[in-house]
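Encoded as structure tokens, the structure appears first; notes follow it.
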Amino acid sequence: MKDKAVITCISCPIGCEIELEVVDDEITDIEGNRCPRGKEYAREEYFNPTRILPTTVRVKNGVLPLVPVKTAKPIPKEKLELAMDELAKVELEAPIKLGDIVIENILNTGVDVVTTRDLPAKKIEQN
Amino acid sequence: MNKQSCKLAVIGGGPAGLAAAQEAYQEGIEDILIIERDFELGGILQQCIHNGFGLHYFDEELTGPEYAQRFIDEIAEKGINVKLDTMVLDVTPKKKIYAVNSKEGMLEIEAEAIVLAMGCRERTRGAIGIPGTRPAGVITAGTAQRYINMEGYIPGEKVVILGSGDIGLIMARRMHLEGAEVEAVLELLPFTGGITRNVVQCLDDFDIPLRLNQTVTKIHGKDRLEAVTVAEVDDDLNPIPDTEYKIECDTLLLSVGLIPENELSQEAGVKLDNSTGGPVVNENRETNIEGIFACGNVLHVHDLVDYVTEESKIAGKAAAAYLQNQLEKREAPVELIAGDNVGYIVPQKITDKVKDRKRVDLYMRGTKPMNNVKISIIDDKEEILSKKERFVKPGEMISLPFPEKMITKLKTDQVTVQILEGGGTNEG
């Protein structure tokens, strides 16, 4: 199987447009990268693009109604939207500490979703 | 009136204020007061839930709240005083601060030194004058960020974003992931204002179109935004009439630039720089008013919070030195002039004598994207220092270390910094 792809390298601000030719899961031609880092990035990005997903989940009784969370490590890019759906079902209870686990091993990626800040509970107003 | 005093008052509890306070404490100043108008510390970082912060300063990739929390924890550990929910109304040249909160009422705080760290705010529709009706649904990208990431509101379902700076790009991804349809990101200029990584990971990843050389020429809708008219622009950035087209949408996010928030600085008599919109400062980030320092986005708008932290530490350290009577003026102050292709330089002058200093880092912005450039310092028409870069763009700040040895040997009291294209390294 033969495939062609153009990948913008993000290893540095230049942003080289790297053209790849891939035959049977092997890179047969690579052009446009100005440094070796570009080659490495293009390979990773072609075969296994991953991203950290930062988002929020709902919180009960917190000083804010949401707490920010992220996947502790990058997860496969195509799972980002599925992970959003999973996280939409979650509601935590304040107080929350930074680093609390929200979902373990989300979508069998081997990656946990963790909170990214402390969130105190709402103080109950007097009178 | 409730009268109080402190040695060092820091106005603003965002990344700049927190780093300045922490550094001043480290240098032996314990009587510090941080004044913050929000209900918590951390500033805008609390709404920047995306990752990518801290790569320079912490050598790890953090989210905004994670970056903030490290400083908040340290401030708490050191027991530095903080007044939250407190709005500063006025700062005088004599370093009196007038502020108000609902517990103590009106406050008069006498400070021996002040660090201004109020940050910046976004330009709004009024600042760029888009014609049309005035319906709900036209807000800045940062406001949308706070609604979505902290307060739990999604501002709309069908979105157009005007401006391709990093906030605009990041909000395109955020709104898409939260289920909104992002119709397009429009950019007036022929290049994006954001970093490449954000173009790739916020737009390309989700097939959100970026349209360069286009702008919104009209806003439609009575109560709620119903559509925007978009046009291509010519080389002078004027809309080309027969290129106009309409996009139906209920929300327009504006990401059209940031302005340092210096109303208080001006009240205090602090002189501002027309190019940065922030105070004119020396290398210690001291303003023209002795004992009043400025750092972070109130001084100039930074691309990375890591640089804000570094700069704020300079200001915090200098404020401590001032309070300990250790700031010494040099005989010949040096003025730094932004030359060809340089938008601005911070600091604008070098006026202090600092023991054991090896260099002064100059920060600047190029006026346009350029390849293979040479950044040089010119003294008396002679190039005394140069640095080559393969690439510069206005969205990314350039730093240039100016060695102390050279500063002491300058022939004139005015040096120019310029960026020239084609003077840099060759390809390969």
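First the proteins, then the strands, lettered A, B, ... as listed; each starts at 1. Computation of the quantities below employed the complete heavy-atom set of this structure, encompassing side-chain atoms and omitting hydrogens, waters and symmetry-equivalent molecules. Note that the coordinates shown come from a computational prediction; the quantities given were computed from them, not determined experimentally.
To the nearest 0.5 Å, atom CG of residue B:Asn51 and atom OG1 of residue A:Thr116 are 10.0 Å apart. Residue B:Gln201 holds its CD atom at 9.0 Å from CD1 of A:Ile52, rounded to the nearest 0.5 Å. From B:Glu66, atom CD reaches atom OG1 of A:Thr115 across 8.5 Å, with rounding to the nearest 0.5 Å. To the nearest 0.5 Å, atoms NZ (A:Lys70) and CG (B:Leu62) are separated by 6.0 Å.
Heavy-atom minimum distance, B:Thr196 versus A:Gly15: CG2-CA, 3.8 Å. In plain terms, the two heavy atoms of A:Leu66 and B:Glu151 that are nearest each other are CD1-N, 4.3 Å. When every heavy atom of A:Pro68 is checked against every heavy atom of B:Pro65, the shortest pair comes out as CG-CG, 3.8 Å.
Counting non-hydrogen atoms of neighbouring residues, nucleotides and ligands closer than 6.0 angstrom, the NZ atom of A:Lys60 reaches no more than 12 such neighbours. For A:Glu93, the CD atom sits in a packed shell: over 12 heavy atoms of surrounding residues, nucleotides or ligands are nearer than 6.0 Å. With a 6.0 Å radius and a threshold of 12 heavy atoms from other residues, nucleotides or ligands, A:Lys122 has its NZ atom at or below the threshold. Counted within 6.0 Å of CD on A:Glu26, heavy atoms from surrounding residues, nucleotides or ligands total 12 or fewer; the atom is thus considered open. Counted within 6.0 Å of CZ on B:Phe206, heavy atoms from surrounding residues, nucleotides or ligands total more than 12; the atom is thus considered enclosed. Other residues, nucleotides and ligands place more than 12 heavy atoms under 6.0 Å from the CZ atom of B:Arg70. Atom CG of A:Asp29 has more than 12 neighbouring heavy atoms from other residues, nucleotides or ligands inside a 6.0 Å radius. Around the OH atom of A:Tyr46, the shell of radius 6.0 Å holds more than 12 heavy atoms that belong to other residues, nucleotides or ligands.
Residues B:Gln46 and A:Leu64 fail the side-chain proximity criterion, which asks for heavy atoms closer than 4.5 Å. The side-chain heavy atoms of B:Thr63 and A:Arg117, taken from C-beta on, include no pair separated by under 4.5 Å. Using a 4.5 Å cut-off on side-chain heavy atoms (C-beta onward), B:Val199 and A:Thr8 make no contact.
Neither the backbone nor the side chain of B:Ile72 comes within contact range of chain A, judged by heavy atoms closer than 4.5 Å. Neither the backbone nor the side chain of A:Cys35 comes within less than 4.5 Å of any heavy atom in chain B. Contacts of B:Leu177 with chain A are made by both backbone and side-chain atoms, with heavy-atom separations under 4.5 Å. At a 4.5 Å heavy-atom cutoff, the contact between A:Thr55 and chain B is made by backbone and side-chain atoms alike. For A:Ile7, no part lies near chain B; criterion is any non-hydrogen pair under 4.5 Å.
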Pair A:Lys97, B:Gln69 - check side chain to side chain contact (heavy atoms under 4.5 Å, CB included), show working. CA-CA 11 Å; A:Lys97 285 307 239 180; B:Gln69 187 107 36; 5.9 Å; no

What do the steps show when you test B:Arg174 against A:Thr56 for side chain to side chain contact (heavy atoms under 4.5 Å, CB included), and what is the final call? CA-CA 10 Å; B:Arg174 186 70 185 127; A:Thr56 52; 3.0 Å; yes

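Most heavy-atom pairs under 4.5 Å with chain A: of the set B:Ile195, B:Val392, B:Asn149, B:Asp205, this distinction falls to B:Asp205. If you tally non-hydrogen atom pairs under 4.5 Å between each of B:His50, B:Lys393, B:Glu61 and chain A, the highest count goes to B:His50. Between chain A and the options B:Met150, B:Arg197, B:Gln47, the largest number of non-hydrogen pairs under 4.5 Å is found for B:Met150.
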